[in-house]
Protein chains: 2
Amino acid sequence: MLDRLTLDQLRTLIAVADSGSFSAAGRALRRVQSAVSQTMQALESTLGIDLFDRSGKVPALTDAGKAILEEARKLVRGAETLRAKAESMASDVEPDLCLAVDAMFPNLLLMESLRVLAGAFPQLPVTVFTEALGGAEQRIRDHSARLGIYAWRPAQDDLASEFLAGIAMAPVVAAAHPLASVKGPITRAILEDQVQLVLTDRTQVTARFSGGVISHRIWRFADLGTRLDYLLAGFGWCNMPLHLVQPHLDAGRLVRLELTENPSWELPIHVVHDRARPPQKAGRMLIDDLRVRLTTCPKHAPVRVA
Amino acid sequence: MLDRLTLDQLRTLIAVADSGSFSAAGRALRRVQSAVSQTMQALESTLGIDLFDRSGKVPALTDAGKAILEEARKLVRGAETLRAKAESMASDVEPDLCLAVDAMFPNLLLMESLRVLAGAFPQLPVTVFTEALGGAEQRIRDHSARLGIYAWRPAQDDLASEFLAGIAMAPVVAAAHPLASVKGPITRAILEDQVQLVLTDRTQVTARFSGGVISHRIWRFADLGTRLDYLLAGFGWCNMPLHLVQPHLDAGRLVRLELTENPSWELPIHVVHDRARPPQKAGRMLIDDLRVRLTTCPKHAPVRVA
DNA sequence: AAATATCCATCTGTTTATATGATGGATATA
DNA sequence: TATATCCATCATATAAACAGATGGATATTT
């Protein structure tokens with residue numbers, strides 16, 4: 001016994017308060033009355049205060065007793081939360097779901113899936129890291145996230161993956177930019193002379209899916225939002241996920257470039273996880289729900305589904 | 001034993017996590033290693049999950065173990081809070097200090113005293129009800145507050161009181177109001193014809209110290225702040241505590257009325273409590289501190305001290 | 001007023017949980 | 001290879017927690 005204060009004492013205190021007497025508490029707890037009496041004496045002794053006024057027929061909670069009762073309820077509720085958590089983990093639910101999502105992935109879609117997930121697992125804490133390029137993978141590798149959603153090509157590795165969807169990419173440029181006025185398909189040679197806005201990142205994992213650097217003149221940006229600002233301002237061209245620029249295309253602020261080669265391509269978005277930490281119930285549900293949404297709600301994004 | 005989950009198990013889990021091994025935890029807790037081992041097995045058994053990966057030399061927390069550890073820390077912290085609360089109550093401190101303060105009382109002064117109190121009793125929850133007129137007394141009588149600070153005249157009653165200070169009151173009016181331009185002392189007759197802004201309240205206790213209703217034309221307000229707004233807007237005159245209107249007098253927005261009768265008077269502020277629930281350590285400290293401030297810091301309010 | 005029914009504290013003996021100390025297998029470090 | 005630590009397991013000892021009986025006190029009923 002490390003400490004004289006025990007949860008059972010608090011549970012008994014609560015039973016007494018709820019049932020109104022030691023005897024009744026004993027009946028509720030399937031204990032004899034003397035056990036309740038002794039437990040309450042022990043609690044009063046460890047706390048060093050009187051919890052009950054025993055002058056009447058049934059003991060009445062003192063002011064101090066009422067205050068302690070409140071704390072006791074909190075603690076016992078906490079203990080029940082702990083058990084509930086353990087129970088959900090026992091049935092293969094992640095203790096908490098940490099996602100690393102590429103900024104290219106349609107966020108609206110993810111939010112809807114997470115809303116459903118929150119309904120199914122109300123106790124589950126969820127963390128979402130939105131990362132550019134290699135950032136998401138980094139989080140899977142260093143175990144700060146469990147499930148990655150980003151562009152990835154299967155490889156011999158510690159990481160396992162499954163294909164989720166292809167996100168349509170297209171080269172775009174501001175309407176005011178010279179490239180916008182070029183008639184007919186644009187050759188690689190023309191493109192090479194123009195400024196390309198490229199995403200960069202702190203890690204070296206990158207470049208594979210950054211869309212391919214074509215131009216000789218490069219501006220680099222660390223995040224998608226900033227690059228979009230420069231794109232809209234006409235600093236150069238770049239490949240963008242269609243779902244992100246569709247409103248700008250519709251409004252005429254951006255123009256889609258027609259290229260002579262590599263006319264259209266897709267980011268192969270995968271769900272990635274460490275082989276040692278496969279998705280469990282909550283993760284699986286999220287993946288399945290995302291897949292359903294990707295097939296049935298194409299309005300969110302011009303994506304190709306698995 | 002009502003529930004197999006005990007605080008000792010959680011305390012042991014924490015010790016293991018903090019010390020790095022079962023043996024080290026045993027040393028820290030002054031238990032033999034086998035006791036720690038058995039306790040952890042019991043915890044794993046009650047929760048139905050593996051908390052440790054025992055493949056290495058020393059057991060390593062599993063993901064689930066880490067999650068449970070977080071919850072365990074919360075619970076044990078909660079248990080310590082409970083003990084601290086009990087300890088402060090054991091030394092005759094109110095379980096929580098509920099004040100019912102008249103809105104007329106200088107709030108700045110009270111805040112400073114409460115700041116000191118919070119320093120001396122960090123665990124003590126404090127509730128402050130700011131009430132107009134009879135409201136504060138009502139709270140003492142129905143036990144929703146323990147200590148009242150308001151205008152009161154000692155009487156044969158369940159309530160005990162001690163004089164704290166007199167708050168100087170003065171009749172005032174907006175500078176733009178006709179009364180402000182009257183030369184010389186104002187007679188009761190003149191006043192009677194003007195609108196008086198009076199505080200009202202839900203109970204019937206009132207009127208004794210509301211300053212006395214003089215005018216025949218009355219506007220009623222439930223709170224001091226609203227009445228002040230109307231006062232400043234020139235709707236009528238009323239008695240106000242000087243400390244509340246001094247800035248407005250200085251700025252010329254309000255004018256103090258000189259009356260022919262009852263030229264100046266004070267609200268006799270008392271500390272009031274039910275005879276059955278006298279102030280204890282925290283309450284006494286607050287009263288003493290307030291009294292010191294009232295004597296040494298007259299800048300806060302033109303008050304007369306006991 | 002007396003009888004009855006509850007209530008609580010206290011006591012004794014028993015059950016149950018928790019601690020110890022010894023042992024052996026496994027894994028690092030020298 | 002030797003040594004030191006680590007852990008799980010077992011038998012045993014210790015210490016809580018419990019049941020059941022008793023008596024005093026307080027309501028409720030008759």
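Residue numbers begin at 1 in each chain, while the letters A, B, ... track the order of the sequences. Quick note: numbers below take in every heavy atom, side chains included, and nothing from hydrogens, waters or symmetry partners.
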### Query
Which residues satisfy the side chain to side chain donor-acceptor pair (under 3.5 Å) test with A:Lys66, sequence neighbours excluded?
none
### Message
Less than 4.0 angstrom from a charged side-chain N to a carboxylate O is my criterion; do B:Glu162 and B:Arg284 meet it?
### Response
yes
### Task
Return the set of residues passing side chain to side chain donor-acceptor pair (under 3.5 Å) with A:Lys74 (not counting sequence neighbours), or none when no residue passes.
A:Glu71
### Summary
Quick note, ring-ring contact (aromatic ring centres under 6.0 Å, His included) partners involving residues 20-57 of chain A, not counting sequence neighbours, are A:Phe22-A:Phe52
### Task
Provide the full list of salt bridge (Lys or Arg N to Asp or Glu O under 4.0 Å) pairs with a residue in residues 34-43 of chain B, sequence neighbours left out, each pair given once.
none
### Message
Heavy atoms within less than 4.0 Å of DNA chain D: which residues of residues 48-56 of chain B have one? Give them sorted by number.
### Response
B:Arg54
### Message
Tell me every residue that passes side chain to side chain contact (heavy atoms under 4.5 Å, CB included) with A:Arg83, counting only those two or more places apart in sequence or in another chain.
### Response
B:Asp3, B:Leu5, B:Thr46
### Under the salt bridge (charged side-chain N to carboxylate O under 4.0 Å, His left out) test, residues paired with B:Arg141 that sit two or more places apart
B:Glu137, B:Asp157
#### Entry: Pairing residues for B:Asp8 by the side chain to side chain donor-acceptor pair (under 3.5 Å) criterion, not counting sequence neighbours
B:Arg11
### Summary
In short, the helix from C:dA1-D:dT30 to C:dA30-D:dT1 is bent end to end, axes from five pairs each side, to 10°, by 30°
### Query
Which pairs pass salt bridge (Lys or Arg N to Asp or Glu O under 4.0 Å) with one or both residues in residues 35-53 of chain A, sequence neighbours excluded?
A:Glu44-A:Arg54
### Query
How does protein reach along nucleotides 9-18 of chain D, written 5' to 3' as B (base within reach of a heavy atom under 4.0 Å), S (only sugar-phosphate), or - (no contact)?
B------SSB
Taking N or O atoms only and anything under 3.5 Å, show me the protein contacts with nucleotides 1-5 of chain D, one pair per line.
unit_1 : atom_1 : unit_2  : atom_2 : d
D:dT5  : O2     : B:Lys57 : NZ     : 3.3

